[in-house]
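Atoms considered below: every heavy atom in the structure, side chains included; atoms not considered: hydrogens, waters and symmetry mates.
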Amino acid sequence: MNREKRARLKEAIGLIERASDIIETVRDEEQDAMDNMPESLQSSDRYSEMEDAVDSLDSAVDSLGEAQSSVEESIG
């Protein structure tokens, strides 16, 4: 792989890291909102939706981490 291709892949890694940071921030904000929800609402549909969103965002962060690792391996 030549220098130009490696540079483009390094740029892609930076974008993956940025996306992961954004998703982690939103996930943390949603988790904080859940943690601060009154106990009486913790069995509500809204709480369940928030919980599902946090789980999905966790999965997205994990997937991005795997993608980043794969790209890094391809660079060598």
Rounded at 0.5 Å granularity, tell me how far OG1 in T25 sits from CG in L57.
11.0 Å
What residues form a side-chain hydrogen bond (donor to acceptor under 3.5 Å, both in side chains) with D35, not counting sequence neighbours?
Q31
Heavy-atom nearest pair, L64 first then I16, reads O-CG2, 3.5 Å
I75 and K5: CA distance, side-chain angles, deciding distance, side-chain contact (heavy atoms from CB on, under 4.5 Å) verdict
CA-CA 9 Å; I75 293 172; K5 290 176 185 172; over 6 Å; no
Does anything in residues 57-76 pair up under salt bridge (charged side-chain N to carboxylate O under 4.0 Å, His left out), and if so which pairs, sequence neighbours excluded?
R27-D58
Please list, chain by chain and in numerical order, all residues satisfying salt bridge (Lys or Arg N to Asp or Glu O under 4.0 Å) with E4, sequence neighbours excluded.
R8
Is there any side-chain hydrogen bond (donor to acceptor under 3.5 Å, both in side chains) pair reaching into residues 10-24, and which pairs are they, with sequence neighbours excluded?
E17-Q68
Is L15 isolated, or which residues cluster with it under the ILVMFWY side-chain rule of less than 4.5 Å, directly or via members?
none
Would M1 and V71 show up in the same hydrophobic cluster when neighbours are defined by side-chain heavy atoms closer than 4.5 Å?
yes
Distance-only donor-acceptor hits, side chain of residues 42-56, under 3.5 Å, sequence neighbours excluded:
residue	atom	partner	partner atom	Å
Q42	NE2	M37	O	3.2
S44	OG	L41	O	2.6
S44	OG	Y47	N	3.2
S56	OG	D52	O	3.1

Transitive ILVMFWY side-chain link V26 to M34, under 4.5 Å
no
If I take atom CG from residue L9 and atom OG from residue S70, how far apart are they, to the nearest 0.5 angstrom?
11.5 Å
